There are 2 protein chains.
Amino acid sequence: MHAEGSDETKEGGEQLHGIGAVAAQTGVSERTLRYYEEIGLLTPRDHSPGGMRRYCSEDIDRVRRIRELQTLMGFNLEEIRSVIAAESRLNTLREDFRSSSDSDHQREVLDAALQALDELRDAARAKIAALQGFLADLDERFARHRRRLEELQAARDAKEEHG
Amino acid sequence: MHAEGSDETKEGGEQLHGIGAVAAQTGVSERTLRYYEEIGLLTPRDHSPGGMRRYCSEDIDRVRRIRELQTLMGFNLEEIRSVIAAESRLNTLREDFRSSSDSDHQREVLDAALQALDELRDAARAKIAALQGFLADLDERFARHRRRLEELQAARDAKEEHG
DNA sequence: CGGTAATCTTACGTTGACGTAAACCAGAGG
DNA sequence: CCTCTGGTTTACGTCAACGTAAGATTACCG
């Protein structure tokens, strides 16, 4: 077993990683990474001359974000795709503004992306609020049941002490 | 069109509802209700002599709870089944304590149910905390991007005013 | 330069959570 | 009694999100 193919100390580029390393670091399967690529959710930064996927650290961040949006927000991959797309547009804001000749259109696009991000915040806040209500209900039920159990327990203890 | 089969003003029993009424009230399909029954997640309180499902209001509450655990906690129906089972055990606490001769065993069961409920609370709290971190990150990113967009917009406005 | 581990493509399988269609009952109203 | 709406069982279909297996190819290591 030789070392992992995670380190590429070339002068020009960033650290690139093989699919196995990415899978290990993110906890998803290699199949899942290929599937994400298949549906256009995550395209590796580069490929080796032989055709092997080379992921950069941003790609790894994106995998983690995908999982976050899945587990925390309960989004499906299609919804996640649009969220990621909006975020990507915001992250390439400067270049888009410089390179584009059609600035009005670009502003509309970026406004839409910002609005999408805002809607995501709203969704997150709504979910937090709902979960807090859910938790409050749980707390109440827990306290009530525990009280009842303790009462019955005290009754039993008293009976045993008495007997 | 005669009236809905939701009202059964019989002296003895509670209000029972047909599967269509339950579906309408909870927003799930009839198929879903039958499926929940199929996997032992929700058995209707009663059946008509002809074999038709008769749900009580507790059943409706349970449907809503199932959806809550699905959408808020992201549980699958198997996980929900165990949660519901624990809650049911707690809800039948009194009868169980009375009817059971083996009180020690019953206490163990109830302790376990209480612990399950407590673990659910922990899970909810963890999810809330994670979502709050997620939201804080979103807020930060949103503010940052909005600032940048406004700066660029101001620059463009100044240029237009100047030219 | 050879061997072994990692990765590739292709393609079919699986699982959960239902949807949908067919053909047969149930029950209230007229 | 008939009809009409709502309900029943049975069974096959579907869709997302992967799992899994096969066989070929690439990459690194000594």
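Numbers restart at 1 for each chain; the letters A, B, ... are given by sequence-line order, proteins then strands. Not measured: the values here are computed from a predicted model.
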Of the nucleotides C:dC18, D:dT9, D:dC18, which one has an atom closest to the side chain of A:L77? D:dC18
Distance, rounded to the nearest Å, where A:I80 contributes CD1 and D:dC18 contributes C1': 14 Å
Side-chain N,O (A:S48) to OP1/OP2 (D:dT26) below 4.0 Å: no
Below 4.0 Å: OP1/OP2 of C:dC18 and any side-chain N or O of B:S29: no
Which of the following nucleotides, D:dG7, C:dG19, D:dA27, is nearest to the side chain of B:M52? D:dG7
Mind calculating the distance between CD (A:E30) and P (D:dT20) to the nearest angstrom? 12 Å
Round to a whole Å and report the spacing from CZ of B:R54 to P of C:dA26. 13 Å
In whole Å, what is the span from the OH atom of A:Y35 to the C1' atom of C:dC12? 15 Å
Could you check how far CD1 of B:I19 sits from P of C:dC25, rounded to whole Å? 19 Å
Checking all strands, does B:R34 fall into the base, sugar-phosphate, or nothing category for heavy-atom contacts under 4.0 angstrom? base
Do the non-hydrogen side-chain atoms of B:M73 and B:E79 ever get within less than 4.5 Å of each other? no
For C:dT7, take OP1 and OP2 only and decide whether either is under 4.0 Å from a side-chain N or O of A:R53. no
Can you tell me which nucleotide in D:dG7, D:dG19, D:dC12 comes closest to the side chain of A:R31? D:dG19
Establish, with yes or no, whether the OP1 or OP2 oxygen of D:dA16 is under 4.0 angstrom from a side-chain nitrogen or oxygen of A:Q70. no
CA sep, side-chain torsions, deciding dist, call: A:E78, A:R81, salt bridge (charged side-chain N to carboxylate O under 4.0 Å, His left out): CA-CA 5 Å; A:E78 184 56 30; A:R81 219 181 58 79; 3.6 Å; yes
Between C:dC18 and B:R67, is there an OP1 or OP2 to side-chain N/O distance shorter than 4.0 Å? yes
note: A:I39, atom CD1; D:dA17, atom P; distance rounded to Å ~ 6 Å
Write down the distance between CG (B:N76) and P (C:dC18), rounded to a whole number of angstrom. 11 Å
Any side-chain N or O of A:Y36 less than 4.0 Å from the OP1 or OP2 oxygen of D:dA17? no
Under a 3.5 Å distance rule, please check whether A:T32 uses its side chain to pair with a backbone N or O of A:V28 as donor and acceptor. no
For D:dG19, take OP1 and OP2 only and decide whether either is under 4.0 Å from a side-chain N or O of A:T32. yes
Within the side chain of B:D59, is there an N or O that forms a donor-acceptor pair under 3.5 Å with the backbone of B:R45? yes
Could you tell me the separation between the CD1 atom of A:I66 and the P atom of D:dC18, rounded to a whole number of Å? 10 Å
So, does B:K127 use its side chain to make a donor-acceptor pair with the main chain of A:T71 at under 3.5 Å? yes
